[in-house]
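What follows is a short report on a single structure.
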Amino acid sequence: MSEITEKKRIFSGVQPSGKLTLGNYLGAIRNFETLQDAYECLYCVVDLHAITVRQNPAELRRQTLEVLAQYLACGLDPQKSTLFIQSHVPAHAELAWILNCYTMFGELSRMTQFKDKSAKHADNVNAGLFDYPVLMASDILLYQTDLVPVGSDQLQHIELTRNVAQRFNGVYSDTFTMPEPYIAKTGARIMSLQDPMRKMSKSDENANSFILLMDKPEDIMRKFKRAITDSEGTIRRGEGKEGISNLIAIYGLATGRTAEEVEAEFAGQGYAAFKPAVGEAVVELLRPIREKTEDLLKNKDYLEQVYTEGAQRASYMARKTLDKVYRKVGFIKR
Ligand code: TRP
């Protein structure tokens with residue numbers, strides 16, 4: 001290990017159960033390309049987490065590859081970053097079992113995501129759903145992760161991860177690096193096109209409220225034309241103008257302009273001119289990503305090579321931690 005040049009390690013988990021939105025892209029994924037030079041990055045498609053709610057097997061397979069392809073299309077370089085699929089590295093499940101024995105029932109009962117999801121899937125409140133945060137803690141702790149980029153909805157899980165790590169370290173001496181949430185400085189918060197007080201989310205019932213990276217140009221244009229605005233009619237940010245403020249932010253990010261520049265550019269113009277302009281800017285922003293993703297999805301051999309090599313690298317790192325953990329808890333060396 002070269003102590004001087006050692007970069008901090010980032011672990012990021014992404015669910016294969018949903019599609020990536022413009023919000024995900026502008027808020028986080030867009031920065032991955034630069035992040036991978038400053039940090040040692042691991043990007044994991046968390047299929048084990050996905051089955052805590054019912055999945056269609058064929059869909060799950062397709063979505064897993066699609067997420068991987070989208071990440072590559074957004075500029076992740078498999079030579080620099082480790083891209084892999086969670087179920088390909090058994091150490092995640094192995095460490096999860098051990099950490100289960102160092103996580104309290106009461107702690108897991110307090111997780112708001114568990115409460116939300118069990119209300120939403122009342123017919124399938126399975127043990128995996130309850131245990132979800134322990135598997136997530138394992139993902140993070142296996143790689144001696146320093147930083148975890150997450151949205152605010154996942155902060156409670158990071159806090160739990162830290163508590164479990166601290167408990168284990170306390171009993172057995174230092175074993176796990178204490179991870180911290182990574183809040184991107186450059187990330188933007190993109191709001192729903194139908195309710196600009198809420199964050200853009202793919203789980204929104206109204207498909208007009210979000211833009212997917214894989215949306216066709218005509219769908220993107222339609223969604224922007226229908227975006228909720230206000231009756232005032234001027235292109236400026238302000239109180240009661242959350243819809244237009246959001247469109248200004250999106251247009252600015254898509255074209256590399258500041259909000260002030262966007263306001264100046266559209267001074268004196270109305271929404272009928274502005275909305276399609278935002279749509280077109282987003283179409284052009286996403287076009288190369290969608291096309292690259294489609295190409296990659298046709299090249300299954302390449303994707304297989306990426307995730308196979310990724311799993312090999314990840315397994316090697318994970319094994320080191322797991323061996324240490326097994327030794328500390330008193331298992332016989334195999
Ligand atoms: N729970 C995260 C989410 O729903 C996904 C996830 C699983 C994750 N394991 C992780 C995120 C480890 C960061 C680190 O978004």
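One-based numbering, in listed order, for ligands and for the atoms of each. In what follows, residues are counted from 1 in the order of the sequence shown.
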Ligand 1 atoms in contact with Y132 (distance to a heavy atom under 4.0 Å): 1 (N), 2 (C), 3 (C), 4 (O), 5 (C)
Check against side chain to side chain donor-acceptor pair (under 3.5 Å), K324 and T175: CA-CA 7 Å; K324 199 155 120 184; T175 308; 6.0 Å; no
Atoms of ligand 1, numbered as shown, that sit under 4.0 Å from any heavy atom of V148: 13 (C), 14 (C)
Ligand 1 atoms in contact with V46 (distance to a heavy atom under 4.0 Å): 7 (C), 9 (N)
Closest protein heavy atom to atom 5 (C) of ligand 1, given as residue, atom name and distance to 0.1 Å: G13 O, 3.7 Å
Aromatic plane relationship, F11 with H92 - under 30° parallel, 30 to 60° tilted, over 60° perpendicular: tilted
Heteroatom proximity flag, D139 to ligand 1, N/O under 3.5 Å: yes
Location of contacts on I140 toward ligand 1, heavy atoms closer than 4.0 Å: side chain
Side chains of T52 and K117, donor plus acceptor under 3.5 Å: no
Y326 and F331 aromatic ring geometry - parallel, tilted or perpendicular at 30°/60° bounds: perpendicular
Atoms of ligand 1 close to Q15 [distance to a heavy atom under 4.0 angstrom, numbered from 1]: 4 (O)
Ligand 1 to Q154 polar contact by distance, N or O atoms, under 3.5 Å: yes
Parallel, tilted or perpendicular: rings of Y102 and Y172 (30°, 60°): perpendicular
Atoms of ligand 1 close to H49 [distance to a heavy atom under 4.0 angstrom, numbered from 1]: 7 (C), 9 (N)
Whether F32 and Y43 hold their rings parallel, tilted or perpendicular, with breakpoints at 30° and 60°: tilted
In one Ile/Leu/Val/Met/Phe/Trp/Tyr side-chain cluster, 4.5 Å: L35, L253: yes
Ligand-residue contact atoms, ligand 1 with F11, heavy atoms, under 4.0 Å: 12 (C), 14 (C)
